[in-house]
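Shown next, in structure tokens, is the structure this report addresses.
Chain naming here is simple, since letters A, B, ... match the order of the sequence lines and numbering starts at 1 in each.
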Amino acid sequence: MNLKTFILKRSIQVVISFYVILSLLFFLLRLSPGDPYSKYIDSDMTQQEIELIKKQMGLDKHIFYQYLIYIRNLIKMDFGYSFHYGTHVWDVIKNKILNTILLFTTSVIVSALVGIFLGRIAAWRRNTSLDAGLTIASLVTHTIFLPWLGLLLIWIFGYKFELFPLSGIYTPEIWLDPECGFLRKALDVMHHMALPFLSLFLLHFGGYLLLMRNSMLGTLKEDYILTARAKGLREKDIINRHALPNAALPVVTSVGLSLAFSINGGALTETVFSWPGIGRELVMAVSHNDYPLAQAAFLLIAIVVLLANVLVDILYAFLDPRIRYE
Amino acid sequence: MSELGFEGKGPLREAWELFLESSIGKAGLIILSIFALMAIFSFVPPMIDPMYHPMKGVDPEITTSQPPSLRHWLGTDFMGRDILSQLLAGARVAFLVGITAALMSIILGTFLGMLAGYFGGVVDTLLMRTADVIMVLPTLLVILVLASLFKGLSIWSIVIIIALFRWPGVSRVIRAQTLSLKNRPFVEAAKALGASHLRIMMRHLLPNLVPLAFLYMTFRVTAAIVIEAALAFLGFGDPTTVSWGMMLQWVWKTGHMFKAPYWLLPPGICISLITLSFYMIGRAMEQVLDPRLRKDWEG
């Protein structure tokens, strides 16, 4: 199987998986108590609006026909009306996508890189106090309850020392001021991002560190490392050039596998820090009983996770040619 | 046993001794026993005085959150309920949620993994593709969407949903093990004797799979505890139970997080520590079962 077929096969799998997920959502909505359309109709709506929505969704038609309409609407990116905002769901969501990507990708990538780097050191200096310290630190930060960590960070760095803002993504005064240039605005966003980034980073780097450490210890026992030693290569070269690239492979896979875990964490972090992203939007939609918005946010997250997994697989296949011929 | 030529310890005993050699495993076990004690003692405070009831007991003399005192060792929450009794009750809920959800997901994962491995073909493809999809979905957000569909979830439905979304990891491992077991001579012998599929699976395969399945138990427990706590923290927990996540939600939502460290700290420390202890026990167990990891771990 070459890389192209591999990508094609995985992409078809993504389409099928996504189709199954959205179909399940459709039928779950019908299984849930009460009239399914009550979840699309707000008490504030006029009779006319209700009729319009009923017609749009084919309420008067057979369930199979409703299903077709549901699929058609999703393809058209028409997720219905958000009660809470009173606008189209897509208009609410599209402004939040970038914020989530900014916070999420930076924290996952930085924590994976730091995890690989420190894991290498821990394995290299194994059974020293440095190794023990790193291992214990990762165990503790990896299992700390994330929303609580967020609250602690806000309390200590935001409230007590007033180093960072308590919540949000930007300071309105700076963004409304026409005098402020791009750099000033970017610095403002980074200032707001520091604490949410720190909590996601602390949660994740420990997991990658422990994985990298174990993987590195396994790799150092391989025959080709022995060969490299026998050739008289410097220890530094053996670690960095021979062991590191191979040992880092499982970490790449684990970034994909732990994505679901990271996204849960992302939603919690966004909520605690009032970071205007998709995860927080989903949480708020659920508490406002805004089902159309919740559904759309969830589907968006689901497609991103599925695609990200394919990307990680492709990256892995690219890094490790053996995987393609499996 | 000595008649058969086996001297000394059984495999379980040996595994236990190996486990105790690991300081990570021992530390985890000690922390966990403290929580077990807390869960047991959670029945005591309401017996002393009804005002110590974690949910309904209100100190008649207190109307706002109070710092620790002799009467309330850890202080009270915003309506005058005792924080220590809530903390003890939270330990009970954490064990209940963690262990039942983990047990259920492991039973489900073992059976589905065994079916997939034993029958292969269409059954295998269907089950494993389903596992793939479930595995990449963020469980917490799935439960959130379900909560919005079904308008509030009881603690037991939360447990069941967690179990339904946590079996794929176990089932993959069990499937692989089943694949290697099903071609062994003892299974072929059973087949030759005319044993049914059901009998082969229940009598010959299952006993060989159960120990492996239990290795995955501890990590499932941590996942379940954390998901329940997060759900409660976000305000979608069962309103009739006092869990640690619920306590954090109360501190946060009543705006006490900057004012009442005596209330903010204990539940968070408890959730983090119980997760840590199960995690440490899990890692120590991995070490026992995977000899390659043994020597390197702690030297």
Looking at [options], which one has more heavy-atom pairs under 4.5 Å with chain A than the rest?
| options | result |
| --- | --- |
| B:I269, B:T222, B:L146 | B:I269 |
| B:L276, B:T275, B:D132 | B:L276 |
| B:L273, B:V145, B:T130, B:V251 | B:V145 |

Which atoms of [X] are under 4.5 Å from chain B, going by heavy atoms: the side chain, the backbone, both sets, or neither?
| X | answer |
| --- | --- |
| A:I136 | neither |
| A:I21 | side chain |
| A:V14 | neither |
| A:L268 | side chain |
| A:L166 | side chain |
| A:V20 | neither |
| A:V286 | both |
| A:L152 | side chain |

If you count heavy atoms of other groups shown closer than 6.0 angstrom to CZ of A:F298, is the number above 12?
yes
What do you reckon, is CZ of B:F95 surrounded by more than 12 foreign heavy atoms closer than 6.0 Å?
yes
Side chain, backbone, both or neither: which part of [X] has a non-hydrogen atom closer than 4.5 Å to chain A?
| X | value |
| --- | --- |
| B:F278 | neither |
| B:I225 | neither |
| B:W252 | side chain |
| B:F233 | side chain |
| B:V133 | side chain |
| B:F150 | both |
| B:I227 | neither |

Determine the option with the most heavy-atom pairs under 4.5 angstrom with chain B, choosing from A:I144, A:L146, A:L151, A:I263.
A:L151
Picking from A:L259, A:L149, A:D290, A:L28, which has the most non-hydrogen pairs under 4.5 angstrom with chain B?
A:L28
Give me the atom names and distance for the closest heavy-atom approach of [X] to [Y].
| X | Y | value |
| --- | --- | --- |
| A:V283 | B:F236 | O-CZ, 3.7 Å |
| A:H142 | B:Y279 | CD2-OH, 3.5 Å |
| A:A260 | B:P138 | O-CB, 3.5 Å |
| B:V136 | A:V305 | O-CG1, 3.0 Å |

Any side-chain heavy-atom pair of [X] and [Y] under 4.5 Å:
| X | Y | answer |
| --- | --- | --- |
| B:C270 | A:F145 | no |
| B:I24 | A:L139 | yes |
| A:T143 | B:S272 | no |

What is the distance from atom OG1 of A:T271 to atom CG of B:L234, rounded to the nearest 0.5 Å?
5.5 Å
Rounded to the nearest 0.5 Å, how far apart are CG of A:N264 and CG of B:L137?
10.0 Å
Stepwise side chain to side chain contact (heavy atoms under 4.5 Å, CB included) check, B:L248 with A:W148:
CA-CA 8 Å; B:L248 281 178; A:W148 181 68; 3.6 Å; yes
Should the pair B:F258 and A:Y159 be assigned to parallel (<30°), tilted (30 to 60°) or perpendicular (>60°) ring geometry?
parallel
Check the pair B:R283, A:N214 against side chain to side chain contact (heavy atoms under 4.5 Å, CB included), reporting the backbone distance first and the verdict last.
CA-CA 11 Å; B:R283 286 197 74 104; A:N214 271 0; 3.2 Å; yes
Could you please spell out the steps behind the side chain to side chain contact (heavy atoms under 4.5 Å, CB included) verdict for A:I16 and B:R129?
CA-CA 10 Å; A:I16 296 174; B:R129 287 290 88 81; over 6 Å; no
